[in-house]
Each structure stands twice: as structure tokens, then as C-alpha cells.
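Accompanying notes for the structure given below.
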There are 2 protein chains.
Amino acid sequence: MNQNLSEADLSHLQEALSRSGQKVTPQRETVFKVLLSKRDHPSVDEVYNRAREAMPGLSLATVYNCLETFVGCGLVRQVNHERESTRYCPNLAPHAHFRDKATGRVHDIDLPPEVLSSLRSILPPGFDSETIEISFHGRTQAKDGHAN
Amino acid sequence: MNQNLSEADLSHLQEALSRSGQKVTPQRETVFKVLLSKRDHPSVDEVYNRAREAMPGLSLATVYNCLETFVGCGLVRQVNHERESTRYCPNLAPHAHFRDKATGRVHDIDLPPEVLSSLRSILPPGFDSETIEISFHGRTQAKDGHAN
DNA sequence: TGAAAGAGTTAGAATGACTCTAAACCTCAA
DNA sequence: TTGAGGTTTAGAGTCATTCTAACTCTTTCA
């Protein structure tokens, strides 16, 4: 979390923002960096706390604003589980989420195209889906500590 | 919404409650009846308003309690979409939900066993899923008015 | 009978995750 | 150098849900 955004990530941010007529600001850079540097589906509060290490004056409202902006221009996805607080995920590849009952951690589960299309095929005619959210809830016997 | 629960529905309620050591009460009967009589995924507030027609003194807290009880003993499912208020669904067959962007209505989408199992198959070893939630979000060109 | 226990219900207060508001801040362009 | 518009900020407001503590009802068993 100490080094800056890479050239590539910065221009990714830059490009997505300007596509919707918005600017790169220090706050947005900081929040984006937080999301990329630990991909563990943080809540707004977690993003806020991590981001303030690098930018102490940052306000919670701004974190909400930044994240909403990123969702709006397709840079990150929201992840909701029941009525818990919203989490954020910079993984844009099609994937499902698995929420561990015991730890509360959210893991990305890769979603192969054929499963995605078999899922789409269950929709009756007249139903046009723009987004699909798939979430599993259960337990893991994970041996490693990384949370994805 | 004027007639009582059928024998079959009442004994279904009865049995599910007693399985977890709980009792049938007039409030629980009323709330359960509301859920069965219009299967349109009502929110707590909607259940509350409908139920008070039959039982004016019923409190909102009790509606929350009843619904929580029903979820706990497997009589109904919760349906969440983003951070909107929780909705309730007495359809226990495996199904996905489709939320209409324009109307906010939630439709049940039947989930064939082979799709369900292909979905389960994407979980890596060590991930034991107890529940799966699938929700589509998009638009419908529905010709009929019923909300399911 | 009737006292105590325990489940269920109730109104209203409390919580917490956002969401809004209005003022301040910046940057760029005329 | 004025001001227009996007951005940030602190704090107030909202709203679904949860909690609390009193009350009611039924059951138990003394």
C-alpha cells in the first residue's frame, strides 16, 4: 500500500473516469489504490480506514462518492450479502462469490462461460438480463490464509 | 385474503413450527396467510399492511419476528436485492430471482437440476455450499400483470 | 386454586449503513 | 479575477432493522 499506482492502473482509472466525463483526483487515486492493493472485498469502512493511512484528511463521504463513481464507470463491482454492508471488488472478470459462514470472508469463484450461458438459458422469453449475481454461502476447509 | 388457511397449509405451518419447538399463534397464522395469498415477494412493510387488515392490532415488531421465525424453520426464503429492503418468498422449490429494473417486481425463475449442479461444480474442492442465491437484474417485456 | 415459568407480543428507543445538504475548495477558461 | 462547474467535506437526516423492557397468555405442578 506504500507505492503508487502503476502506470497501467493509473491510465485504466484515467480512461474509465474520462469516458464518463470525470476527473482523476488524489482522493480517487488513493481509494482506487486501496482496492487494488488488497483484493479482499473491503466494506466502505475498511476502505476508509486503509485510505486514511495514506491520506489522513479523507472523509467518509468522499469514500462513498469515489466508490459510487467507480461502480458507475465500471471500474469495480458491488458485492452484497443479505443486508450486510456493501463490499467492493475490482475483479471484473465474470465470477461468483462464496461467502464463508465462519469467517465472513468473500472468495471469488471463477465462472466459466458455459455455466454462465446455461444460466442465461433458464430465463423465459421476454426476460432480458443485464447483470447476474451468484452467491454461495457455506463453509470452507481452506488451508491458505489469502482472502479472495 | 379473507378465508382462512387451508387445512394443508395450517398443518404445514404447524409442523414446521413444532419441529423447532415453537407454537402456532394467531399472529403467525395471519402473517403466513398473507405470504401465501399473494405471492409477490412482499417487503416487511407490505406484509405488515396486508396483515393489519385482518388483525389491526398487530405490531411491526411482530411481523419481523414472525418472518424471522419462518425463515428459521424453513417455511419461507428471504430475497435481497442490493441494499433494498428484504422481501419474502414462500416458494421453496429451487429457483432464481429476476428483478425488473423498471417496475421493481421480482419474478421467480425455475432452476432446473442440471443447471443447479453445473453451478455447484464450479466450486473448488474445500468449498461446501449450503445455499446458492442467483439473481438476475434487467428488463422484461411481460404482457401479463401477475408478479411472481 | 394459583404462583411461577416461559413463550410470544408490543411500543418505542436505538443502531448502523448509507444519503443528503450546503458550504468550501479547486482548476480551468474567458 | 471572475465565475462556472466538478469535487470534497462535516454533519445532519433517513430508513430498514434490531433491541429493550414491559405486558399478556398458556402451561405446569405445588
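When reading the values below, keep in mind they use all heavy atoms of this one structure, side chains included, and skip hydrogens, waters and symmetry mates. A quick note: this is a predicted structure, and the numbers were derived from the prediction, not measured. Throughout, protein chains are lettered first and strands after them, A, B, ... in sequence-line order, and every chain is numbered starting at 1.
Contact of the R50(B) side chain with the S37(B) side chain is not registered, since no non-hydrogen atoms from C-beta on lie closer than 4.5 Å. The side-chain heavy atoms of R105(B) and D40(B), taken from C-beta on, include no pair separated by under 4.5 Å. Residues P112(A) and I122(B) have side chains in contact (heavy-atom distance under 4.5 Å, counting atoms from C-beta outward). Looking at heavy atoms from C-beta onward, R39(B) lies in side-chain contact with L36(B) at the 4.5 angstrom threshold. Looking only at side-chain heavy atoms (C-beta outward), T25(A) and T30(A) stay at 4.5 Å or farther from each other.
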Review item, side-chain donor-acceptor pairs of residues 68-78 of chain B, under 3.5 Å, at least two apart:
| from | atom 1 | to | atom 2 | distance (Å) |
| --- | --- | --- | --- | --- |
| T69(B) | OG1 | N65(B) | O | 2.8 |
| R77(B) | NH1 | H95(B) | ND1 | 3.3 |
| Q78(B) | NE2 | Y88(B) | OH | 3.1 |

Run the side-chain donor-acceptor check on residues 123-136 of chain A: report pairs under 3.5 Å with partners two or more places apart or on a different chain.
| from | atom 1 | to | atom 2 | distance (Å) |
| --- | --- | --- | --- | --- |
| D128(A) | OD2 | Q141(B) | NE2 | 2.8 |
| S129(A) | OG | T131(A) | O | 3.3 |
| E130(A) | OE1 | K101(B) | NZ | 2.3 |

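With sequence neighbours excluded, no residue satisfies side-chain hydrogen bond (donor to acceptor under 3.5 Å, both in side chains) with S121(A). For K23(B), the salt bridge (charged side-chain N to carboxylate O under 4.0 Å, His left out) test picks out no residue, with sequence neighbours left out. For T62(A), the side-chain hydrogen bond (donor to acceptor under 3.5 Å, both in side chains) partners two or more places apart in sequence, or in a different chain, are S59(A). With sequence neighbours left out, the salt bridge (charged side-chain N to carboxylate O under 4.0 Å, His left out) criterion links E15(B) to R19(B). The salt bridge (charged side-chain N to carboxylate O under 4.0 Å, His left out) search around R87(B) returns E46(B), not counting sequence neighbours.
Within a heavy-atom distance below 4.0 Å of DNA chain C, the residues of residues 63-80 of chain A found are Y64(A). Residues of residues 20-28 of chain A that place a heavy atom closer than 4.0 Å to DNA chain C do not occur.
Note on S85(A): only backbone sugar-phosphate atoms sit closer than 4.0 angstrom, heavy atoms only; bases stay farther off.
Contact footprint of chain A on DNA chain C: nucleotides with an atom under 4.0 Å from a non-hydrogen protein atom, first to last in 5' to 3' order, dA17(C) to dT19(C). In summary, contact between chain A and DNA chain D, defined as any nucleotide atom under 4.0 Å from a heavy atom of the protein, begins and ends at dT7(D) to dT17(D) in the 5' to 3' direction.
Residue pairs that meet the salt bridge (charged side-chain N to carboxylate O under 4.0 Å, His left out) test with at least one member in residues 89-99 of chain B, sequence neighbours left out, are E84(B)-R99(B).
The nearest heavy atom of DNA chain D to D45(B) and to M55(A) marks one nucleotide each, and the one closer to the 5' end goes with M55(A).
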